[in-house]
Amino acid sequence: MMHKLNGRFRVLAASAALAMAMGAAQPAFAETPKDTLVEGFAFDDIITMDPGEAFELSTAEMTSNTYSLLVRLDLNDTSKVVGDLAESWTVSDDGLTYTFKLKSGMKFASGNPITAEDVAYSFERAVKLDKSPAFILTQFGLTGDNVTEKAKAADAETFVFTVDQPYAPSFVLNCLTATVASVVDKKLVLEHVKSVTPSHEYKYDNDFGNEWLKTGYAGSGPFKLREWRANEVVVLERNENFYGEPAKLARVIYRHMKESSGQRLALEAGDIDVARNLEPGDYEAVGKNADLATASAPKGTVYYISLNQKNETLAKPEVQQAFKYLVDYDAIGATLIKGIGEIHQSFLPKGVLGALNENPYTFDVAKAKELLAKAGYPDGFTVTMDVRNTQPVTGVAESFQQTLAQAGVKLEIIPGDGKQTLTKYRARNHDMYIGQWGMDYFDPHSNADTFTNNPDNSDEGTNKTLAWRNAWDVPELSKKTKDALLERDSAKRADIYKELQKTVLENSPFVFIFQQTEVAGLRGNLQGFKLGPSFDTNYVWNVSKE
């Protein structure tokens, strides 16, 4: 479980846990330490801290603050990337070879030097582990057999990445901003590799340090991971070996707090510095408090309901379309997501190349009943939906339950925490699921690939996109999704994505409801806290206290 916290931090974490158990109704301490940022944050979705395996929204925030990448999204212009470990890069004339020159003199948190060998090993382990996010790299033609040749160190400061087709360079570079491309300390990881028997979990005879990295740390970011205790606390500590501007604070503590009201009370009492999961009423109350401040940012994250096509009833096109008319978009927009989201019915969020800003569906029970009767269900039917028990997801699910009932459809809500609902969803064992999808990288393919691409719909399929999770077999859409990657003209590429979105709007098992506006409540003495455009750009190294 990583290093033990020293006495002072054990007490701090224990106080946090006590306050959480009491609903944060009483202050755990008068104010947080001057050198420490304490955030109230619902992170029950964290399953692993290994960047080669993790594919959850909360984990990505921790990873992006603790690991380095070759390149990162340019927060001043999200159509571009900027160097992180890479000082410069070039693309060959045929569009197949990307050569990165690393900055010199960099070290991991361990003190080991950062070399191109570490970059190459990070690509190799992600591909050979073949966990959920591996497709972001394997889509470039990387396999366990060829990765050491296609992603290799030419020398200590030169990394060469060879792709299989002349993709739009912006797409390739954007993919390398995803957390799966995080660079790990090869020497340190190799010290923790375990021999295993090849199986469905591990295809090779070693685990590439995966078991250790589930709770361990081998990065070089501004902070290092000190400790993670599931559904309790995450502690980040300043990395004194960081190659860039050092983090302003000594540590960041994320306290697992699910309830918006508990977060607001803890913020008002000074027990936490940041409240991250505020519902509209609490966010509004924070905004009126002179001792507090607020922050917000439109996020590349969409909330949706999906219908598993293994369920014959949900596979009927009329049922899918009926459900799109059974969401009370206006009521949800005016209450449940007021200030924290915007109704948005397409899979590409606003601000992304090719985003379709059309909302053709309205709440129309009569139209829905007509479609259900056409599908053979004039009296409705019964169905279940897996729901992560956090807001606003639960509220939206309950609203949908009520509106479905008006058309005779009985919805049974199956609540669970983030890990439970995700695990069931990823196994294709659900009827319906309500969730959120955050872009893995700021390129339209990030969402198109998951919603409109399903190259192998069998249970053994290895490309486990959201289309696959919902057993939506769409060979023509899959082909069009791939074709968009080879279009170098941005305008023409945008048109392809608009066509894909229109198809999904008209006929698909996805009901898109809104795009997130992420919000936070802050203590008034915080400086430099800013929410980024994506779930993995909420950086905390610039935060300080007056």
Counting only N and O atoms by type, is there a donor-acceptor contact under 3.5 Å from the side chain of [X] to the main-chain atoms of [Y]?
X: Arg238; Y: Ala247; value: yes
X: Asn289; Y: Ala285; value: no
X: Lys545; Y: Asp35; value: no
X: Asn538; Y: Gly532; value: yes
X: Asp386; Y: Tyr433; value: no
X: Asn277; Y: Ala42; value: yes
X: Asp118; Y: Lys186; value: yes
X: Asn174; Y: Ser170; value: yes
X: Gln391; Y: Gly395; value: yes
X: Gln263; Y: Arg276; value: yes

- Message: Checking Glu31 against Arg523 for the salt bridge (charged side-chain N to carboxylate O under 4.0 Å, His left out) test, could you report, in this order, the C-alpha distance in whole Å, the side-chain angles of both residues, the deciding distance, and whether it holds?
- Response: CA-CA 10 Å; Glu31 72 174 17; Arg523 293 296 302 176; over 6 Å; no
Are side-chain heavy atoms of [X] and [Y] found at a separation under 4.5 Å?
X: Leu102; Y: Thr115; result: no
X: Ser64; Y: Thr537; result: no
X: Leu225; Y: Leu236; result: yes
X: Val519; Y: Thr294; result: no
X: Thr462; Y: Phe135; result: no
X: Tyr283; Y: Ser296; result: yes
X: Met439; Y: Asn447; result: yes
X: Arg426; Y: Arg469; result: yes

For the [atom1] atom on [X], are there more than 12 heavy atoms of other groups (residues, nucleotides or ligands in this structure) within a distance under 6.0 Å?
X: Glu259; atom1: CD; result: no
X: Lys107; atom1: NZ; result: no
X: Lys131; atom1: NZ; result: yes
X: Lys103; atom1: NZ; result: yes

- Message: Quick check on the 6.0 Å ring-centre criterion: do Tyr217 and Tyr67 meet it?
- Response: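 Aromatic pair counts; centres sit under 6.0 Å.
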- Message: Just checking Phe140 against Phe171, ring centres under 6.0 Å apart?
- Response: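 Between Phe171 and Phe140, which both carry aromatic rings, the centre distance is below 6.0 Å.
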Do the charged groups of [X] and [Y] touch, with an N to O distance under 4.0 Å?
X: Lys187; Y: Glu191; value: no
X: Asp84; Y: Arg72; value: yes
X: Lys419; Y: Glu56; value: no

- Query: Between Tyr254 and Phe43, what is the ring plane arrangement, given parallel below 30°, perpendicular above 60°, and tilted in between?
  - Reply: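 Taking Phe43 first and then Tyr254, their aromatic rings stand perpendicular (interplane angle over 60°).
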- With under 30° as parallel and over 60° as perpendicular, where do the rings of Phe512 and Phe347 fit, or are they tilted in between?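 Plane angle between 30° and 60°, so tilted.
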With no hydrogens and no angle check, do the side chains of [X] and [Y] hold a donor and an acceptor under 3.5 Å apart?
X: Thr48; Y: Asp50; value: no
X: Asp536; Y: Thr179; value: no
X: Asn463; Y: Thr465; value: no
X: Ser446; Y: Asp443; value: no

Show the nearest heavy-atom pair for residues [X] and [Y], with the distance to one decimal.
X: Gly300; Y: Pro349; result: CA-CG, 3.8 Å
X: Ala153; Y: Ala120; result: N-CB, 4.1 Å
X: Thr36; Y: Asp273; result: O-OD2, 3.4 Å
X: Phe529; Y: Glu39; result: CE1-OE2, 3.8 Å
X: Val274; Y: Ala520; result: CG1-CB, 4.0 Å
X: Gly144; Y: Val147; result: O-CG1, 3.9 Å

- Query: Should the pair Lys80 and Phe442 be classed as cation-pi, given the thresholds of under 6.0 Å to the six-membered ring centre and 45° from the axis?
  - Reply: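 Geometry flag: not set, cation outside 6.0 Å or 45°.
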Distance check, rounded to the nearest 0.5 Å: [X] atom [atom1] versus [Y] atom [atom2]?
X: Glu157; Y: Glu87; atom1: CD; atom2: CD; result: 8.5 Å
X: Leu278; Y: Leu267; atom1: CG; atom2: CG; result: 7.5 Å
X: Met62; Y: Phe41; atom1: CE; atom2: CZ; result: 5.5 Å
X: Thr394; Y: Asn389; atom1: OG1; atom2: CG; result: 6.0 Å
X: Leu176; Y: Leu70; atom1: CG; atom2: CG; result: 6.5 Å
X: Glu546; Y: Leu526; atom1: CD; atom2: CG; result: 9.0 Å

- Item | Stepwise side-chain contact (heavy atoms from CB on, under 4.5 Å) test for Lys224 and Thr66 | CA-CA 5 Å; Lys224 53 187 178 182; Thr66 55; 5.6 Å; no
- Message: By the definition side chain to side chain donor-acceptor pair (under 3.5 Å), identify the one residue from Ser68, Ser104, Ser220 that meets it with Tyr243.
- Response: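 With Tyr243 as partner, side chain to side chain donor-acceptor pair (under 3.5 Å) holds for just one option, Ser68.
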- Message: With ring-ring contact (aromatic ring centres under 6.0 Å, His included) as the test, pick out the partner of Phe159 among Tyr121, Phe123, Trp89.
- Response: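 Answer after filtering Tyr121, Phe123, Trp89: Phe123.
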- Item | Pair Asn65-Val252, side-chain contact (heavy atoms from CB on, under 4.5 Å): steps then yes or no | CA-CA 10 Å; Asn65 280 288; Val252 180; over 6 Å; no
- Task: Check step by step if side-chain contact (heavy atoms from CB on, under 4.5 Å) holds for Trp541 and Asn239.
- Result: CA-CA 10 Å; Trp541 57 77; Asn239 172 14; over 6 Å; no
- Message: Could you go through Cys175 and Gln139, starting from their C-alpha distance and side-chain angles, then the distance that decides it, and tell me whether this counts as side-chain contact (heavy atoms from CB on, under 4.5 Å)?
- Response: CA-CA 10 Å; Cys175 285; Gln139 65 187 337; 3.4 Å; yes
